[in-house]
There are 2 protein chains.
Amino acid sequence: MLRALVVDDDRVLADVVAFTLRREGFEVIQAFDGETALQRWAEEQPDLIVLDINLPRLDGFAVCREIRRQSDTPILLLTVRDDEDDIVHGLELGADDYITKPFSPRQLVARAQTVLRRAGKKPARAVRQVGQLTLDPGRREIRLGQGEPISLTPLERRLLDYLMLNAGYVLTAEAIIEHVWGQEGGDRDMLRQLVRRLRGKMARVEDQGDSSAGDLDSAVSPRIETVPGLGYGLVVDSGS
Amino acid sequence: MLRALVVDDDRVLADVVAFTLRREGFEVIQAFDGETALQRWAEEQPDLIVLDINLPRLDGFAVCREIRRQSDTPILLLTVRDDEDDIVHGLELGADDYITKPFSPRQLVARAQTVLRRAGKKPARAVRQVGQLTLDPGRREIRLGQGEPISLTPLERRLLDYLMLNAGYVLTAEAIIEHVWGQEGGDRDMLRQLVRRLRGKMARVEDQGDSSAGDLDSAVSPRIETVPGLGYGLVVDSGS
DNA sequence: CAAACCTGTGACAGAATTGTGACGAAAATC
DNA sequence: GATTTTCGTCACAATTCTGTCACAGGTTTG
């Protein structure tokens, strides 16, 4: 899992950023001033840094410079609109990109992914794999082994992503619902439908990918298991 | 060790570029005006030239033309976004690729490496090719195989350029919008229209280029695929 | 055993997304 | 200054996605 360090003295904004990134699968670490930021950066070695310019104790530029001196961790600057100087200065110091406040969560995510992709981390291509099942989030499709890929809808992708992330564990319906639909809007009926549809596609993927290699791995196809009264989990039953 | 000549009258920016390239292992030579640039180029015979357009004493175009007259050293142009003319003109004069300011250090490195890699193989400039589809940014037109070229508008060119650069990958609508329109001003409606228009021209190009050579490559024509809920991608489906 | 509950299934319709065509303002071109 | 090109906006059609409902089978509970 990719980890991000969010540095902003405005706690509300920092929380928004953190929430947005977490929803995208990041593990988020926070810092509210420059010195702490450097410290946490050294401790945690995150994959991405979202950095505000105006910071107490040590401003964003200094933080940026110091980090750049030691590593090339991708840095995404938070700046106010219309401050060309800040942007240019920041980029000169080695920041990878910037985003102007106010920004939408979508913009933030897009920037983060762009920066990471350029850095070679390729989160967009960070395929998840469980058994022979592969999920390509950047393309939103699954495939089994070398079989034909089958595309997923946004909700299906989120569900499978979450299940694959916790493969082998059973997740409660509530947890899944909140992860897929967000704070509100979730419903057990909806989850049942979603599981149903995803199962259908996984079965189809299985048919297509299974033909070749009847040797050892062919049977390793994960499936969504129901645990009555609790929720669902992704299991890989090897043969039997 | 590869040597690069960085030409920019903005010393701060020149230093940033130099610093970035040095970190990548280049030996960097600098020049701050056009005449000095030509002189140092003649003396040093660098492997790569990073060239700003606005220069005192002799502008970037003149420098580019002069260098091209004598050699095919890779030239990477520094331009401001939104100045299509500069880009087109520069590429027509023989520059290999361009990068728009402000750019991140990583972008610069990526472009530099691409240009160098290309230079090692063929003398071609910044033509992008996917399947049988060719985009010549210098002329702002596309063609399929040997068919009649069809010209693109600036926005269409940017979109196709971006898609071809990431051929085979699906790009999110946000990422595309940001790349085509910049930080603000993008809109899903606008993107839909742009895709539509580009698709139209690609279809036209297909009609024209398809007539000859019905052998093997005739069917290899990329098309813009839409992934609902995500975005678009350029795919080359080889027959079937 | 029956009732209550949970889960899987299928059909369906509303919502959301995307494709298409037309129009007109703004910009480029002549 | 007139004409053409470019591009954003709107309205609407087609497609895809997703929530709702009803019902069937199975399990637990009283």
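Just so we're on the same page: letters track the sequence lines, and every chain starts at 1.
In this structure, CG of B/Leu198 is placed 13 Å from P of D/dT6, rounded to the nearest angstrom. Atom CG in B/Asp187 sits roughly 13 Å away from atom P in C/dT17 (whole-Å rounding). Atom C1' of nucleotide C/dC5 and atom CG of A/Leu230 are separated by 16 Å, given to the nearest angstrom. Atom-to-atom, CG of A/Leu194 to C1' of D/dG19 comes out at 11 Å; the value is rounded to the nearest Å. Between A/Arg157 atom CZ and D/dC17 atom P the separation is 14 Å, expressed in whole Å. Between the CG atom of A/Asp189 and the C1' atom of D/dC21 there is a distance of 8 Å, rounded to whole Å. Rounded to whole Å, atom C1' of D/dC7 lies 11 Å from atom NZ of B/Lys201. Summarising the geometry, the separation between CZ on A/Arg188 and P on C/dC5 is reported as 14 Å, rounded to the nearest angstrom.
Closest to the A/Pro154 side chain, of the nucleotides C/dT18, D/dT18, C/dT7, is D/dT18. Relative to the side chain of B/Thr153, the nucleotides D/dT6, D/dT18, D/dT20 differ in distance, and D/dT6 lies closest. Side-chain proximity of B/Gln193 to C/dT18, D/dC10, C/dT7: nearest is D/dC10. Residue A/Arg196 has its side chain nearest to C/dT9 when only D/dG19, C/dT9, C/dT7 are considered. Side-chain proximity of A/Arg199 to the nucleotides C/dT18, C/dG8, D/dT20 is greatest for C/dG8. Side-chain proximity of B/Trp181 to the nucleotides D/dG8, C/dG19, D/dT18 is greatest for D/dG8. Checked against C/dT9, D/dT20, D/dC17, the side chain of A/Met190 finds its nearest nucleotide in D/dT20.
A distance-only check finds no donor-acceptor pair linking the side chain of A/Asn166 to the backbone of A/Tyr169 [under 3.5 Å]. Counting only distance, with no hydrogens or angles, the side chain of A/Glu156 and the backbone of A/Thr153 share a donor-acceptor pair below 3.5 Å. In terms of modelled atom types and a separation under 3.5 Å, the side chain of A/Asp47 and the main chain of A/Arg3 share a donor-acceptor contact.
Each of A/Ile150, A/Leu152, A/Leu234 was compared with A/Met202 under the side-chain contact (heavy atoms from CB on, under 4.5 Å) criterion, and only A/Leu234 meets it.
Residue B/Tyr232 places no side-chain N or O under 4.0 Å from the OP1 or OP2 atom of C/dT17.
In this structure, CG in B/Asn54 is found 8.0 Å from CG in B/Asp59, a value given to the nearest 0.5 Å.
Using a cutoff of 4.0 Å between basic side-chain nitrogens and carboxylate oxygens, B/Glu66 and B/Arg68 are not scored as salt-bridged.
Annotation: of the two residues near DNA chain D, B/Glu156 and B/Arg192, the 5′-most nearest-nucleotide partner is B/Glu156.
Under the salt bridge (Lys or Arg N to Asp or Glu O under 4.0 Å) criterion, A/Arg192 pairs with A/Asp189, not counting sequence neighbours. A/Arg188 pairs by the salt bridge (Lys or Arg N to Asp or Glu O under 4.0 Å) definition with A/Glu174, not counting sequence neighbours.
Residue A/Leu155 is classed as a sugar-phosphate contact, given heavy-atom separations below 4.0 Å to backbone atoms only.
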- Item | Contact state string [nucleotides 24-30 of chain C, B base, S sugar-phosphate only, - no protein heavy atom under 4.0 Å] | -------
